[in-house]
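For ligands, and for the atoms within them, numbers begin at 1 and follow the listed sequence.
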Amino acid sequence: MTFSQWVGDRIPTLLRPSILLSISLYHFIMTIVEIVFLEWRPWKLFDLTSVRFRSFARLWKANGELMSAEMPGNTFQLLSECKGVILDIGPGSGEMLSHFNPNTITALYGAEPAQDLHPGLVKNAAKRGLKDRFHPLVCGAEPNTLIPALNKSGILKVTSRGGTAENGVFDEICCTRVLCSVPNPRQTIKSLYQLLKPGGRMVICEHVANPWRTEGTLAARFMQLVYTLLGWPFFMGGCELQRHTREYLRDAGEWDQFDLKYYGPRDAVPFVVGELIKKHAPMDKSYAEAIKK
Ligand SMILES: C[S@@+](CC[C@H](N)C(=O)[O-])C[C@H]1O[C@@H](n2cnc3c(N)ncnc32)[C@H](O)[C@@H]1O
């Protein structure tokens with residue numbers, strides 16, 4: 001490959017995130033304008049965290065649908081295979097819900113901390129025919145907010161059906177484009193692992209640090225650093241580009257299947273997509289002996 005071919009081939013993918021960064025900057029400015037000149041509540045700007053999250057919700061409401069029309073790899077197929085009691089982490093305004101199969105879902109819990117996105121989320125769940133089986137939770141994935149919200153919803157108390165917070169209550173946990181934003185990702189992912197039933201499945205579609213030592217490139221890894229320094233996490237609702245989410249997932253606990261593939265490994269926003277199956281519980285000794293006879 002010549003240098004000019006390399007420039008033509010690589011530069012657009014490396015610069016593409018700058019478009020999203022510019023859009024997020026626009027929404028941040030518009031959020032400030034709304035707060036100061038439409039609501040006349042300039043003191044609200046002192047709560048910078050809520051301004052940032054409101055600005056991200058504004059961006060997602062305007063562009064979420066478009067940004068969800070295509071997803072890397074077989075994400076849509078993996079979502080369509082979800083069944084039983086499901087936890088969707090950070091479902092946003094529910095753009096992914098149209099890919100679930102309502103006939104195989106017993107209950108769907110959506111842990112979405114951005115309250116501004118809930119009206120759209122509930123509407124999309126109803127559109128998918130999940131109205132009574134959908135449980136929107138105003139909380140994050142981190143255990144200090146998720147566990148109390150699950151407790152309140154009643155799901156953690158359903159111990160008679162084999163579920164506890166320790167040995168898992170969910171058949172499936174879906175994480176699409178969200179683990180980049182959760183605080184303390186290592187611990188948060190570990191606690192999600194615990195909420196999964198033995199033999200349960202985790203569906204993953206997450207962008208990660210560029211794997212420049214193996215399939216990726218140093219240029220893309222460098223651009224991740226540049227975008228971070230330009231304020232990507234600040235303007236994008238806490239989204240971090242340089243996370244080693246694949247490793248956090250692998251170390252979260254024992255898996256019977258750990259099937260994650262890179263998509264766009266040479267890009268500034270490469271994804272890992274796939275499914276992980278939590279190790280099945282060891283069979284009860286007396287039961288194993290009984291079925292042997
Ligand atoms: C990029 S959007 C993805 C939405 C959806 N999962 C999808 O793929 O269409 C990220 C979502 O994660 C949510 N989020 C941010 N921090 C979170 C946290 N700590 N726990 C759970 N969700 C979070 C945001 O509010 C937002 O709705």
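When heavy-atom distances to ligand 1 are checked against a 4.0 Å cut-off, Trp60 comes that close only through its side chain, counted from C-beta outward. If you look at Met67 next to ligand 1, there are no close heavy atoms at all, none under 4.0 Å. For Asp88, no heavy-atom contact with ligand 1 is shorter than 4.0 Å.
Residue contact annotation: Gly238 has no non-hydrogen atom under 4.0 Å from ligand 1. At least one heavy atom of Pro183 sits closer than 4.0 Å to an atom of ligand 1.
Between the side chain of Glu206 and the backbone N or O of Val272, no donor-acceptor pair lies under 3.5 Å. A donor-acceptor pair is defined here as one N or O able to donate and one able to accept, closer than 3.5 Å; no such pair exists between the side chain of Glu142 and the backbone of Pro183.
Looking at Met71 next to ligand 1, no N or O pair under 3.5 Å apart turns up.
A donor and an acceptor atom, one from each side chain of Arg52 and Thr31, are nowhere located under 3.5 Å apart. Glu95 and Ser93 are linked by a side-chain donor-acceptor pair at a separation below 3.5 angstrom, with hydrogens and angles left out of the test.
When the heavy-atom distances from atom 9 (O) of ligand 1 to Glu206, Arg177, His207, Glu95 are ranked, the shortest goes to Arg177. The closest heavy-atom contact to atom 14 (N) of ligand 1, among the options Cys180, Pro113, Ala57, comes from Pro113. Considering only non-hydrogen atoms, atom 15 (C) of ligand 1 lies nearest to Ser181 out of Gly92, Cys139, Pro91, Ser181.
For CD of Gln115, the number of neighbouring non-hydrogen atoms (other residues, nucleotides, ligands) closer than 6.0 Å is 12 at most.
Trp232 and Tyr227 have tilted rings, their planes meeting at an angle from 30° to 60° on a 0 to 90° scale.
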